[in-house]
Amino acid sequence: GYLTVRHMKVVFFSRDGIEEFQVLAEARRGTSLEKLKQMMGPVEALIATLPAHEMDAFTTSIGQAAGSHGHFMANTGSHLAGVSVFLTPFQNRDRTATDIVQSLKGALEEIRGREPFFEKLTIEIAQGGPPGGKPVQVGVRGEDFKVVNQIASEILEELKRTPGVSDAVTTFDFGKRQILVNVDEAAARKASLTVGQVAQSVRAAFRGAVATTIKPSKAEKEIDVLVRFPEDVRGDRAAFEKILVQNTQGDLVPLQAVARIEEAEGINSIGHYNGKRVVYVTAEVDDKQATSLGVNSMLAKTFQDVPKRYPGYSLYFGGEHQKNMESMMSLGVAAIFALLMIFIILAASFGSLVQPFIIMVAIPFGFMGVILAFFLHGLPLSFFAFIGMIGLAGVVVNQSIVLLDFINELRRQGVSRRESIITAGRLRLRPIFMTSMTTIAGLVSIAYNFGGGDPFIRPMALAMLWGLAVSTMLSLLVTPCIYAILDDLAERIVHHPTVRPPESGAAASI
């Protein structure tokens with residue numbers, strides 16, 4: 001328990017075996033494709049320096065942030081680019097994808113600081129499991145973007161101070177500069193105008209309005225005649241001074257008499273979650289220093305007072321963390337169902353409600369072996385490790401079944417409890433060891449990558465190997481002791497042992 005709480009990390013899907021990562025670049029808005037292509041030259045040159053035994057190939061996309069896993073920002077635009085890097089198989093290289101990415105981050109930061117500057121230059125590693133988003137993906141929900149951005153900024157600063165967290169960004173992103181026409185409704189009413197009439201006139205000046213249609217004598221369709229400002233005028237802010245709006249009396253009213261013209265930055269995109277506006281704060285996590293579960297738990301605790309400080313605003317933890325929690329719930333249900341089925345089968349076989357508990361004591365012994373193995377190997381618990389633990393529960397009980405069934409048989413023959421336990425331990429030791437050793441031998445090559453291996457499957461094999469080994473050793477010592485203790489209790493409570501000899505009547509159990 002101490003090792004589990006204090007020293008064990010939980011990383012559901014390790015990135016050790018990943019063979020792909022992406023470099024995502026974002027320049028200033030308005031940057032041309034040709035200019036962005038030139039800016040990506042140093043990035044491509046850096047990627048090309050990777051050794052041939054580590055990198056298989058890479059592709060560059062200009063105008064699109066290629067392969068952005070869980071990236072909520074707009075992934076197309078003349079200011080966006082991406083480099084997808086494909087690595088060689090895991091077995092052919094010494095460094096993991098995470099190690100390679102860490103070695104590139106310093107050089108990428110140096111490129112980002114050169115002229116012309118990139119607004120953002122980050123690296124994303126492909127996920128080791130099903131698509132789920134970023135390791136850290138906190139959504140801030142609310143209506144006022146100023147308040148939402150303030151909360152997101154607080155989270156962003158906290159992430160930047162957290163060891164093991166990198167590439168922390170927010171999706172709150174301004175778009176191109178916009179010209180706002182703010183209509184003074186009181187002045188518009190005095191001029192016999194509505195907001196709709198003003199909007200239609202502005203639209204007609206820049207987008208055009210159909211003044212009439214013409215139809216040549218032999219033509220099948222009519223041709224619309226579109227009237228609007230000349231092209232050289234439409235690109236000038238001074239054009240607003242020339243717009244005249246016709247009111248209900250037919251008089252022409254200058255736009256500036258009823259509206260105020262302002263310049264402002266528009267929001268590039270507005271995300272929603274459950275009907276409310278949302279801004280996401282995302283970040284990558286180095287599994288060697290931190291975990292997605294640990295960082296998200298820290299943020300939930302640190303910012304638990306957000307609904308109190310900002311009424312109407314809340315946090316939503318999504319991405320990889322959300323998928324992990326869903327997977328944990330599914331594994332929990334599977335584990336309960338597995339234990340229940342084991343108990344039912346044992347109870348039906350032994351005709352007892354007590355002896356199945358004696359046998360199932362081997363299961364926590366197996367879990368102890370799993371925790372000890374991952375601690376000694378310096379590995380985090382993963383999704384496949386938990387699957388291995390569930391499968392282990394059905395394997396580790398075999399030794400106890402063999403031992404306990406032999407003890408029961410000896411007692412039915414009239415052998416004393418002490419002699420039955422000693423004889424069963426002596427005669428069943430070799431079969432139990434042989435059964436366990438053959439299973440362990442079959443798992444060794446997978447658990448320790450002899451002749452090649454898979455980093456995703458390895459935790460499952462490691463969990464079953466060590467769990468079975470430790471459980472076998474402890475079960476041979478502890479199971480007979482628990483059997484003797486429960487047998488004493490049965491004699492005191494119901495005045496007969498759990499298994500009665502033939503002369504006392506038919507075999508009975510509690």
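Treat the numbers as computed from the prediction; the structure is a model and nothing was measured.
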S.K.: Please examine the side chains of E154 and V306, heavy atoms only from C-beta on, and report whether any two atoms are closer than 4.5 Å.
M.R.: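 V306 vs E154: side chains apart.
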S.K.: Begin with the C-alpha distance, continue with both residues' side-chain angles, and end with the deciding distance and a verdict on side-chain contact (heavy atoms from CB on, under 4.5 Å) for T170 and I155.
M.R.: CA-CA 9 Å; T170 173; I155 297 174; over 6 Å; no
S.K.: Specify the closest pair of heavy atoms between A97 and L87, including all atoms of both residues, with the distance to one decimal.
M.R.: CB-CD1, 3.8 Å
S.K.: Could you report the tightest heavy-atom contact between A393 and L339, atom names first, then the distance?
M.R.: CB-CD2, 4.4 Å
S.K.: Are the side chain of T88 and the backbone of H53 linked by a donor-acceptor contact shorter than 3.5 Å?
M.R.: yes
S.K.: Please report the interatomic distance CG(L299) to NZ(K301), rounded to the nearest 0.5 Å.
M.R.: 12.5 Å
S.K.: Identify the two heavy atoms, one from S382 and one from P459, that lie closest to each other, and give their separation to 0.1 Å.
M.R.: OG-CB, 3.4 Å
S.K.: With a 6.0 Å cut-off (strictly less than), is the heavy-atom count around CD of E185, excluding the residue itself, greater than 12?
M.R.: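 For E185, atom CD is not crowded (no more than 12 foreign heavy atoms under 6.0 Å).
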S.K.: Does D56 reach the main-chain N or O of P89 with its side chain, forming a donor-acceptor pair under 3.5 Å?
M.R.: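 Checking the backbone N and O of P89 against the side chain of D56, no donor-acceptor pair under 3.5 Å is found.
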S.K.: Counting only heavy atoms not in R309, do more than 12 fall under 6.0 Å of its CZ?
M.R.: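 For R309, atom CZ is crowded (more than 12 foreign heavy atoms under 6.0 Å).
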S.K.: Give a yes or no on whether the ring-centroid distance for F58 and F21 is below 6.0 angstrom.
M.R.: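 Aromatic pair excluded; centres sit 6.0 Å or further apart.
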S.K.: In Å and rounded to the nearest 0.5 Å, what is the CD1 to CG distance from I111 to L104?
M.R.: 9.0 Å
S.K.: Is there a ring pair (Phe, Tyr, Trp, His ring centres under 6.0 Å) between F240 and F206? Walk through the geometry before answering.
M.R.: CA-CA 10 Å; F240 288 91; F206 291 92; 5.0 Å; yes
S.K.: Answer whether the closest heavy-atom distance between the side chains of F383 and I387 falls below 4.5 Å.
M.R.: yes
S.K.: Taking NZ, NE, NH1 and NH2 as the nitrogens, is one of them in K105 or E284 under 4.0 Å from a carboxylate oxygen of the other?
M.R.: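 So K105 does not pair with E284 through a salt bridge.
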S.K.: Let me confirm one number: the CZ-CG distance from R95 to L50, rounded to the nearest 0.5 Å.
M.R.: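 Result: 6.5 Å between the selected atoms.
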S.K.: Would you sort out whether V136 and V281 count as a side-chain contact (heavy atoms from CB on, under 4.5 Å), showing the intermediate values?
M.R.: CA-CA 8 Å; V136 178; V281 181; over 6 Å; no
S.K.: Would you indicate whether the side-chain heavy atoms of L80 and L24 approach each other to under 4.5 Å?
M.R.: no
S.K.: Quick one: closest heavy-atom pair of A447 and L465, and the distance?
M.R.: CB-CD1, 4.0 Å
S.K.: Quick check: closest heavy atoms across Q22 and S84, and the distance to 0.1 Å?
M.R.: CG-OG, 3.8 Å
S.K.: Begin from the C-alpha positions of V101 and T98 and carry the test side-chain contact (heavy atoms from CB on, under 4.5 Å) through to its verdict.
M.R.: CA-CA 5 Å; V101 165; T98 302; 5.8 Å; no
S.K.: Rounded to the nearest 0.5 Å, how far apart are CD1 of I342 and CZ of F337?
M.R.: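 Answer for the CD1-CZ pair, I342 versus F337, is 11.0 Å.
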S.K.: Got a sec, which residues hit salt bridge (Lys or Arg N to Asp or Glu O under 4.0 Å) with R112, two or more places apart in sequence or on another chain?
M.R.: E109
S.K.: Could you tell me the separation between the CD1 atom of I390 and the CE atom of M464, rounded to the nearest 0.5 Å?
M.R.: 11.5 Å
S.K.: Does any non-hydrogen side-chain atom of Y448 lie less than 4.5 Å from one of L462?
M.R.: yes
S.K.: Quick check: do Q150 and K146 have side-chain heavy atoms less than 4.5 Å from each other?
M.R.: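 Result no, sub-4.5 Å side-chain heavy-atom pair not found.
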S.K.: Can you find a pair of side-chain heavy atoms, one from E19 and one from R93, that are under 4.5 Å apart?
M.R.: yes
S.K.: Can you tell me how far apart CD (E143) and CZ (R277) are? Round to the nearest 0.5 Å.
M.R.: 6.5 Å
S.K.: If only atom types and distance count, is the side chain of D251 paired as donor or acceptor with the main-chain N or O of N247 below 3.5 Å?
M.R.: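 A pair under 3.5 Å: no.
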S.K.: Are I446 and M460 side-chain neighbours, meaning at least one heavy-atom pair lies under 4.5 Å?
M.R.: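 No, side chains not in contact.
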S.K.: Are F303 and I151 close enough, and set up right, to give a side-chain contact (heavy atoms from CB on, under 4.5 Å), and what steps lead you there?
M.R.: CA-CA 9 Å; F303 295 96; I151 300 171; 5.6 Å; no
S.K.: Taking the side chain as C-beta and beyond, is there a heavy-atom pair between L293 and M325 under 4.5 Å?
M.R.: yes
S.K.: Looking at every heavy atom in both V148 and V140, which two are closest together, and how far apart are they?
M.R.: CG1-O, 3.7 Å
